[in-house]
K.L.:
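Below is one structure. I have some questions about it.
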Amino acid sequence: MRSNQGFDQKTRELERLRRQLQSRNKTLQTGKKPDKSVRDNNRAASTTGAGTDMRKLVTSSMIVLLAALSIGAASTQPQAKGTVTRTDRCNRLQQQFTDEIAEHAEAKRAAEAKAFQKKAMKFCAGNQQAQGIRAYATALKMLGAQPIEP
């Protein structure tokens with residue numbers, strides 16, 4: 001029975017400290033100074049060793065709880081794919097073409113593919129990425145490669 005009383009007392013103290021922490025956070029958010037009773041309670045709690053230990057316990061418990069909640073929330077959210085811009089697509093296709101031309105330099109239509117690559121580079125640099133993407137796709141198909149999709 002004695003241990004339950006100690007537990008209940010610590011629970012009440014923990015709840016009081018939690019309310020003080022919430023009150024302090026609200027005052028910090030609003031930019032107001034805490035009222036005298038909150039300052040006096042903080043001073044009284046800081047002078048006792050048990051109050052300091054309890055405050056550390058509450059603070060560390062809150063940090064652990066918030067960390068666990070944020071990890072749980074992050075894992076339940078679906079991973080959204082970033083949108084691929086046309087400029088990104090041009091860059092990826094240009095890299096793919098560079099890799100493929102190194103492997104298929106002896107292909108029958110390699111010269112034509114290089115001509116399409118030059119056109120594609122001009123289109124992509126001149127803010128006509130859609131035409132550049134189509135030119136890169138044509139050049140890659142001439143080399144016998146499938147253009148990568150975003």
Side-chain angles (χ1 to χ4, degrees), residues 3 6-8 10-35 38-39 41-43 45-46 48-150:
S3 64
F7 180 76
D8 291 341
K10 288 186 181 201
T11 304
R12 284 191 300 272
E13 179 69 16
L14 188 65
E15 183 62 27
R16 186 184 64 78
L17 289 172
R18 186 186 62 77
R19 285 192 306 267
Q20 280 182 351
L21 184 62
Q22 286 176 340
S23 174
R24 187 178 302 143
N25 287 340
K26 286 180 184 177
T27 57
L28 289 174
Q29 289 173 352
T30 59
K32 296 178 182 176
K33 290 185 178 180
D35 62 2
V38 172
R39 285 193 307 249
N41 287 338
N42 291 341
R43 193 175 306 128
S46 65
T48 63
T52 305
D53 292 340
M54 187 60 76
R55 185 180 308 146
K56 288 179 183 177
L57 176 67
V58 170
T59 304
S60 61
S61 299
M62 293 291 277
I63 290 171
V64 170
L65 178 64
L66 291 174
L69 289 174
S70 65
I71 289 172
S75 66
T76 59
Q77 294 175 350
Q79 296 293 330
K81 275 189 167 182
T83 57
V84 178
T85 63
R86 288 181 177 173
T87 304
D88 293 338
R89 183 81 197 271
C90 278
N91 293 336
R92 289 180 185 173
L93 288 171
Q94 181 178 5
Q95 183 61 45
Q96 183 185 7
F97 182 83
T98 304
D99 295 341
E100 293 293 332
I101 196 70
E103 292 178 21
H104 301 96
E106 303 298 322
K108 293 180 182 179
R109 301 179 76 184
E112 283 182 82
K114 285 182 183 179
F116 271 99
Q117 180 212 15
K118 287 181 183 178
K119 286 182 184 179
M121 289 173 66
K122 287 180 185 177
F123 284 134
C124 287
N127 289 329
Q128 296 176 330
Q129 287 87 5
Q131 290 89 339
I133 291 168
R134 284 193 293 272
Y136 272 126
T138 303
L140 286 164
K141 287 177 184 175
M142 286 181 175
L143 295 175
Q146 183 66 30
I148 57 173
E149 296 296 321

K.L.:
By side-chain hydrogen bond (donor to acceptor under 3.5 Å, both in side chains), which residues pair with D99, not counting sequence neighbours?
P.N.:
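For D99, the residues satisfying side-chain hydrogen bond (donor to acceptor under 3.5 Å, both in side chains) (neighbours in sequence not counted) are Q95.
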K.L.:
Ignoring hydrogens, what is the shortest heavy-atom contact between C124 and G132? Give both atom names and the distance.
P.N.:
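Shortest heavy-atom separation between C124 and G132 comes out as SG-CA, 3.8 Å.
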K.L.:
Checking side-chain contact (heavy atoms from CB on, under 4.5 Å) for the pair R86/I133: CA distance, chi angles, key distance, verdict?
P.N.:
CA-CA 8 Å; R86 288 181 177 173; I133 291 168; 4.2 Å; yes
K.L.:
Under the side chain to side chain contact (heavy atoms under 4.5 Å, CB included) rule, collect the residues that match up with A125, sequence neighbours excluded.
P.N.:
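Here no residue qualifies.
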K.L.:
Taking all non-hydrogen atoms of both residues, which atom of I101 and which atom of T98 are closest, and how far apart?
P.N.:
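Shortest heavy-atom contact: CG2-O, 3.3 Å.
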K.L.:
What distance separates Q117 CD from Q94 CD, expressed to the nearest 0.5 Å?
P.N.:
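These two atoms lie 6.5 Å from each other.
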K.L.:
Nearest 0.5 angstrom please: K141 NZ to F116 CZ, how far?
P.N.:
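Rounded to the nearest 0.5 Å, the NZ-CZ separation comes out at 11.5 Å.
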K.L.:
Excluding sequence neighbours, so at least two apart, what forms side-chain hydrogen bond (donor to acceptor under 3.5 Å, both in side chains) with T138?
P.N.:
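None.
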K.L.:
So which atom in A120 and which in A135 form the shortest heavy-atom distance, rounded to 0.1 Å?
P.N.:
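For A120 versus A135, the nearest heavy atoms are CB-CB, 3.6 Å.
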K.L.:
What verdict does the side-chain contact (heavy atoms from CB on, under 4.5 Å) test give for R109 and L143, after you've listed the backbone C-alpha separation in whole Å, the side-chain angles of each residue and the deciding distance to 0.1 Å?
P.N.:
CA-CA 7 Å; R109 301 179 76 184; L143 295 175; over 6 Å; no
K.L.:
Rounded to the nearest 0.5 Å, what separates atom CZ in R89 from atom CD in Q96?
P.N.:
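Separation between the atoms: 9.0 Å.
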K.L.:
Considering all heavy atoms of both residues, which atom of Y136 and which atom of C90 are nearest to each other, and what is their separation?
P.N.:
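Smallest heavy-atom distance, with atoms named: CE1-O, 3.8 Å.
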K.L.:
Out of curiosity, F97 CZ to K114 NZ, how far, rounded to the nearest 0.5 Å?
P.N.:
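Here the interatomic distance stands at 7.5 Å.
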K.L.:
Starting from the C-alpha separation in whole Å, work towards a yes-or-no answer on side-chain contact (heavy atoms from CB on, under 4.5 Å) for Q129 and F123.
P.N.:
CA-CA 6 Å; Q129 287 87 5; F123 284 134; over 6 Å; no
K.L.:
Hey, are the side chains of L140 and Q146 touching, using non-hydrogen atoms and a 4.5 Å cut-off?
P.N.:
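Not touching, per the 4.5 Å side-chain cut-off.
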K.L.:
Is there a side-chain contact (heavy atoms from CB on, under 4.5 Å) between Q20 and R16? Walk through the geometry before answering.
P.N.:
CA-CA 6 Å; Q20 280 182 351; R16 186 184 64 78; 2.7 Å; yes
